[in-house]
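Structure record follows, encoded as structure tokens.
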Amino acid sequence: MNSQTDILDWLAFSFITGVGSRTAAMLLDKFGSPTDCFNANVHTLETLGIKREIIDQLKSIEPRLRAEAELKQLENLSGTILTLDDDDYPPLLKETYDPPIVLFASGDIQRALAQPALAVVGSRHCSTYGRNVAEMLGRELAMRGVTIVSGLARGIDSAAHQGALDGKGLTLAVMGTGLDAVYPKENKKLVEKIRENGALLTEFPIGTPPLPQNFPFRNRIISGISLGVLIVEGAERSGSLITARMAYEQDREVFAVPGNITSAKSFGPNYLIKDGAKLVQSWQDVVEEFPFEVKTQILSAERNEKIPTQLAIDEISLSENEKKVLALLKPDESLHIDKLTELTKLNFGELNDALFNLEMKERIKQLPGKHFARKL
Amino acid sequence: MLFKTLSAAVFGIDAFVVDVEIDLTPKAGDSLVPTFTMVGLPDAAVRESRERIRAAINNCGFFFPIHRVTVNLAPADIKKEGSSFDLPIAIGILGANGDLKCEALEDTLIVGELSLDGRLRPVKGGLPIAVATRQKGLKRLLIPEENALEAAVVNGLDVYAVSDLQSVVAILNGDTDQSPMIIDTQSLLADSNYYSEDFREVRGQANAKRALEVATCGGHNILLIGPPGSGKTMLAKRVPSILPPLQFEEAIECTKIHSVAGFTEKRGIVSTRPFRAPHHTISDAGLIGGGAVPRPGEVSLAHNGVLFLDELPEFERNVLEVMRQPLEDGRVTISRASMSLTFPARFMLAAAMNPCPCGYFNDPTRECKCSPMQIQRYVSKISGPLLDRIDIHIDVPAVKFAELSNDEPGESSKAIRERVVQTRGIQRERFHGEKIFCNAQMSPRLIRKYCQIDARSKSMLENALTRLGLSARAYDRILKVSRTLADIEGKDAIEPYHVSEAIQYRSLDRNYWA
């Protein structure tokens, strides 16, 4: 087990600027632990070719002071820290080429990683279709015991997290900032719910702002920590395609949800499918590709228990008017309320009442401009 | 020699009577004492009248006296401003000089600005002046032609429309058969309430029209949200046409305000509900009134009508701040070191905005180019006290071309107005004895009293608040709108479907923007 000093030293070690993953790996390999690196002989370090600036930091008190401050702040946030030699360090992530030396977590990270994990990523400017699919798949997989991993971004990421929460499952958000920040700001409430039903994870120390260069680093964790990556929507030059490539490099499964060939937002997934990614239409398509034990466990549980939530949704009775309105709504595109008025011929009171109830029963959702779409 | 005439000065939207005293004293030889002195705190325009009066008197065939002239405008400690004293001073000089047949003019009030040739120009505040004249117990008012129409509305006063100095003298001397102006106030208002814009011209937009009708019925302020070209301005412009017809007292109030601002020349009384649409670059003084001697601002000019703030997020923050008092109290108090004036300002507020800076957020046909940060900043510009006073948010979608040509013409304003009048009637009865007249003005106490909802509605409302991310402030607002919806149907009890429709009018509270 790690003593407090060990953790401090690990953290201090991670704060040394100029030490990339290669150098870190080499040092740890040579000396054993960060504590040993700090105590190493200067001459030996020089012979190894370590630069002067790095040796200075190893010999200075700075990194440790900074680490102390960091640990204190972390305590205030009720966060935890995982180091590379921790038993609890995510095993899949440890196997990757470039794992973070130190991870900061909030929430129950152990519980979240005890289940098989699937990453769901996609465009920030997603369509109604994309959002619906991400929510549905997030929900369907989460309620069958799969942890949904994503990046807390607007669009597909948020939809996937929300879907997992709707399915009463677990979700893991990997952040491109320190644990104290919430980026984007509007996900404040979502972050709280994720903390209670999963965990937040980041390799960046407290106080790190959402710099653009942080996100590729964060993406390698998203794919590294999961069994596979599902891309729901992504334009030709989107970040989600980069995450897909990282997944290939890390030897993870790549899944993609196809879309209309006329939709620029579905260019990415369609392209990946052409390139060999697994085409996904339902949760079964994903689970099929999981390792044997995982797959068998999920599928047998499915056979044995009826998943109550699904049936409950269907069983909630709808009034005549609600059925009429629901029949007209599609998950792919939204319909404006004036059109609904025209098509249903209901008066304003009846129509608004039906729409409200359908929304409360989670069958439809309302979009800006008084547009409505069915939920998947 | 002393002569006195009566005139009036405008203060706020009322007028008060001013005594104009003229004294002529013979000059002593080559005395260097100035020959024309004006006292009583005249401002620059009043002091300049000396030249106008001299020229006018000479050009009309009279003789400007060589005496020393002293003019006193009493009461002496109130500032006099404007050019409306030209005529009474000129008449006073003529009177003191013996050119008038009468010895005194005790029951006549005179106002007017003089041109150099003796012709009269209109003044501001014709109606308030007439009201003040009547209140003082005077019988006659001589006022320039352009102002006579509005002044003649006052009962029990003989209003003479005059066009030049000679005709004034003729009337005062009794040498003319000009009679007072007679106005049929009933007919004035009867063919009033004619609006050139009608809802019939709006095609489609069923939901937006419904929301506007609901808003107008209950007096609720509205916010129209939609892309450019969706017809927000078009819809807002038609709101006055569905408001209940302007009553006589309301018309008088409006006329006073507009008259003081100088807008009523030749038009007589204001007979349609005002629609004011200030540009978003307006200053706070322009909006609520101000100036060294305060003039009414746009909020007062919109009294009894509609104030339309297009591009709401573009208005200066501090300008929107000053809207608080009028929206709260229905009037505006402007204080200066020397005085404090109150102008009425009760209006229906209509505001419009795009859903995002480029305008095309969630538009099915065009791509929105705004970053979420920009949208956030844009929408949050109007948070706070102003949004708190807006009960109904209306989404106005982009109107596709096909719809424009296919849809039949909409319902006429007349038809909609009938329903509004009926619903307002229910509210008037309900609030008889209270100080308010429509649902939107209900205080929390009145909301508890008149907006009871059953358990099902209550739980539905609470559910909506959490699920849809609505704020707690929305609760009372939704209840008020529900009350209006029930009133429209003539129902006493508020049904759950009234509440669910009311909830639909809170778009901006939802969390898909922020």
Side-chain angles (χ1 to χ4, degrees), chain A residues 124-128 131 153-155 158-159 162 166 183-190 210 235 263-265 319 321-322 332-362 364-373, chain B residues 204-211 213-214 225-227 230 355-356 360-364 367-368 371-373 375-376 393-400 403 407 459-461 463-464 466-469 485-486 488-489 491 495-505 507-508 510-514:
Chain A
R124 280 163 225 255
H125 302 290
C126 58
S127 67
T128 311
R131 182 171 282 127
R154 279 182 204 96
S158 297
Q162 187 59 49
D166 289 343
Y183 180 76
K185 245 195 327 216
E186 65 252 28
N187 279 346
K188 199 149 165 243
K189 287 202 184 118
L190 187 63
S263 163
K265 297 192 171 104
S319 73
N321 286 342
E322 287 162 33
D332 296 354
E333 30 168 296
S334 51
L335 218 54
H336 186 258
I337 195 172
D338 282 352
K339 199 78 193 165
L340 283 170
T341 318
E342 202 188 319
L343 293 171
T344 59
K345 307 254 184 294
L346 293 170
N347 70 38
F348 290 105
E350 293 169 325
L351 180 59
N352 274 302
D353 194 44
L355 285 170
F356 178 75
N357 288 323
L358 284 169
E359 210 176 340
M360 289 294 106
K361 291 174 187 167
E362 305 266 348
I364 66 171
K365 56 153 86 95
Q366 184 171 156
L367 303 168
K370 281 271 170 298
H371 284 86
F372 293 87
Chain B
Q205 302 284 23
N207 192 56
K209 284 196 272 196
R210 161 70 169 182
E213 182 181 325
V214 174
I225 309 166
S230 51
C356 67
Y360 296 109
F361 186 62
N362 204 52
D363 190 290
E367 185 81 35
C368 173
S371 76
M373 189 56 160
I375 298 179
Q376 174 85 311
H393 306 154
I394 307 175
D395 287 290
V396 186
V399 186
K400 302 204 218 345
E403 281 171 19
D407 277 329
S459 76
M460 187 169 77
L461 195 47
N463 210 10
T466 30
R467 289 282 199 85
L468 305 178
L485 286 166
I488 291 178
E489 289 186 349
K491 289 225 165 94
E495 303 283 337
Y497 66 87
H498 294 139
V499 179
S500 52
E501 185 177 345
I503 292 174
Q504 296 289 20
Y505 296 132
S507 314
L508 220 59
R510 285 173 178 255
N511 49 11
Y512 44 52
W513 257 293

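Convention: sequence-line order gives letters A, B, ...; per-chain numbering from 1. Every heavy atom of this structure was used, including side-chain atoms; hydrogens, water molecules and symmetry mates were not.
The closest donor-acceptor contact from the side chain of N207(B) to the backbone of D338(A) lies at 3.5 Å or more, if one exists at all. Here the side chain of Q366(A) pairs no donor or acceptor atom with the backbone of F356(A) at under 3.5 angstrom. Not a single donor-acceptor pair under 3.5 Å links the side chain of K365(A) to the backbone N or O of E362(A).
In this model, no donor atom of one side chain and acceptor atom of the other lie less than 3.5 Å apart for S319(A) and N357(A). In the model, Y497(B) has no side-chain atom that pairs as donor or acceptor with a side-chain atom of E501(B) under 3.5 Å.
Ranked by heavy-atom pairs under 4.5 Å with chain B, the list L355(A), T341(A), D353(A) is led by D353(A). Chain A forms the most heavy-atom pairs under 4.5 Å with one residue out of M460(B), H498(B), Q504(B), and that residue is Q504(B). Interface check for chain A: of the options I394(B), V499(B), N463(B), the most heavy-atom pairs under 4.5 Å are formed by N463(B).
Proximity to chain A is absent for every atom of A502(B), based on heavy atoms less than 4.5 angstrom apart. With a threshold of 4.5 angstrom between heavy atoms, E359(A) approaches chain B through its backbone and through its side chain. Contact annotation for P496(B): only backbone heavy atoms (N, CA, C, O) come within less than 4.5 Å of a heavy atom of chain A.
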